[in-house]
Amino acid sequence: MDRSLLFQQLANALSLGSLYALIAIGYTMVYGILRLINFAHGDVFMLGAYIAFYAVSAAAMPWWAAFAVAIGLTGLFGIGLERVAYRPLRDSPKISIMISAIGASFLIENLGVVVFGGRPKSFASIPLFDTVVHFGSVSVLSVSLFIPVFTGLILAVLLWIVGRTKTGMAMRAVSTDVDAARLMAIDVNRVISFTFGVGSLLAALGGIMWTMKYPQLNPLMGVMPGLKCFIAAVIGGIGNIAGAVLGGLLLGFIEIMVVAFLPQLTGYRDALAFVLLIVVLMAKPSGLLGKRQAVKV
Amino acid sequence: MLAIEKLSVHYGGIHALQGIGFEVPDGKIVSLIGANGAGKSTTLKSIVGLVKPSSGTASWNGEALTGLPTKDIVERGVVLVPEGRRVFANLTVDENLTLGAYARKDKDGIAADRKRVFELFPRLDERKRQKAGTLSGGEQQMLAVGRALMSRPKLLMMDEPSLGLAPIVVKMIFGIVREINRTGVTVLLIEQNAKAALEIADRGYVLETGRITLQGSGAELLADDRVRKAYLGEAQ
């Protein structure tokens, strides 16, 4: 096997996997706290990309300001989404809030078609992210180097927040027992808002990086990545942040490697995630890093 | 003083509390006894705002608690040790205690209270790095009490602290409750273990299917025939 081809594919896999990981973290954090699959998470990802696009193209902001604005606004959007679509249903049966999540997803996608237009838009090239870097015979797009660095940093910061800070302790408390957390004078709503905010701004960062890599936007661009990253989170053990990163990386590697070395399967690329999901769930239903949990009645 | 007036709670079609009223004077221990399903837990949960009463009020030193979010009630010093301890199993003993002081900012005071909790319960000190889920039932109850103390309660409410514990541990927990009370903390205790609860109580109330049917001093209730028959398991 050609060595440089292998390294080339490893680099591609690492960057795609890290991107998946970034988005998977949002799923897993929200699930960890609310036991809710936020089906609109992929659409939040799309929204982040679009806001960045308009901030650069319509508001003529420099790219770094546009990215910051997009990430911030998307974080706020996530907080708002929870307020409007999930909070009123928190005491209702779980199925209601799940249906609301699916509804929110369709609503955002279709509003996207109305507001942004269904025709794909292309992101103007940003030299910092759009340079080809050569390592011997391996050449990668600079954005592919940034993504794993961002994901690594974010993972470290999140693990620190969850593991070492008081806010993180409150998050773990809410995730184990909401009423007991209330009895500790923890403002449960604030903890949940914080979680949605963080998850959504990571989705925005993921969306922006995605468009740096594949510079085309359309209102349904979040559907497939959203689904795959949800799978990544489940594979890693949903509710577990490190697990989401592991799941994302694994998914990225398998996708890239199968397409690279078994090109006859290229057409099944998107199906691989689901195959992997089935295999992992059969072997370890709680995911790779997940713990078995008794269902609370 | 905690004053409960005409407190009613409905769960769907079930009228769990039917307009009960009682008082917990400052510095006293008051026990509320009754059988399973009489509405004891519901009473405490509606005082701290985990359950919304359909009518009636709970007030603390003249201020209505009803309608306030739980967080605000706890910050006023009205603290509940819930039934079944409900310690955070996947957090360490130390972290559980830290969460007990979640709303407080006074670092020195928190450190002093942590020290005091460890003096009251040396077992917790030995196990402070351990996950709470790995503790025995009695140790978890100690942690639940310690965690509540970390919030500097003025009124400590305890829901079935003796549930599922060995008699020797029960005795120890009740001893600690008395000790806490001596430091000026008012205590409202809910128990199926009527004897233990009435023995340390200044005042007791009997709750039956959502209504208060008897009241008196702890000693009076212990001597009352109806109480002896129904709750102390004594034959006539």
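Every chain is numbered from 1 and lettered A, B, ... according to where its sequence line falls, protein lines coming before strand lines.
Within a 6.0 Å sphere centred on CZ of A/Phe274, other residues, nucleotides and ligands contribute more than 12 heavy atoms.
Using a 4.5 Å cut-off between heavy atoms, B/Leu80 contacts chain A through both its backbone and its side chain. B/Val79 does not touch chain A: none of its heavy atoms, backbone or side chain, sits under 4.5 Å away.
Residues of residues 7-39 of chain B lying within less than 4.5 angstrom of chain A, judged on heavy atoms, are absent. Residues of residues 98-137 of chain B that come closer than 4.5 Å to chain A, counting heavy atoms only, are B/Thr98, B/Leu99, B/Gly100, B/Ala101, B/Tyr102, B/Ala103, B/Arg104, ordered by residue number.
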Q: Determine, stepwise, if the pair A/Ile186 / B/Lys71 fulfils side chain to side chain contact (heavy atoms under 4.5 Å, CB included).
A: CA-CA 6 Å; A/Ile186 291 171; B/Lys71 168 180 169 288; over 6 Å; no

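Side-chain atoms of B/Met150 and A/Met184, non-hydrogen and from C-beta on, never get closer than 4.5 Å to each other.
Taking every heavy atom of both residues into account, A/Leu183 and B/Pro82 meet most closely at CD1-CG, 3.8 Å. Between B/Phe88 and A/Asp177, the closest heavy-atom pair is CE2-O, 3.8 Å.
With values rounded to the nearest 0.5 angstrom, A/Asp179 atom CG is found 5.5 Å from B/Arg86 atom CZ. Atoms CD and CZ, from B/Glu95 and A/Arg164 in turn, are 8.0 Å apart once rounded to the nearest 0.5 Å.
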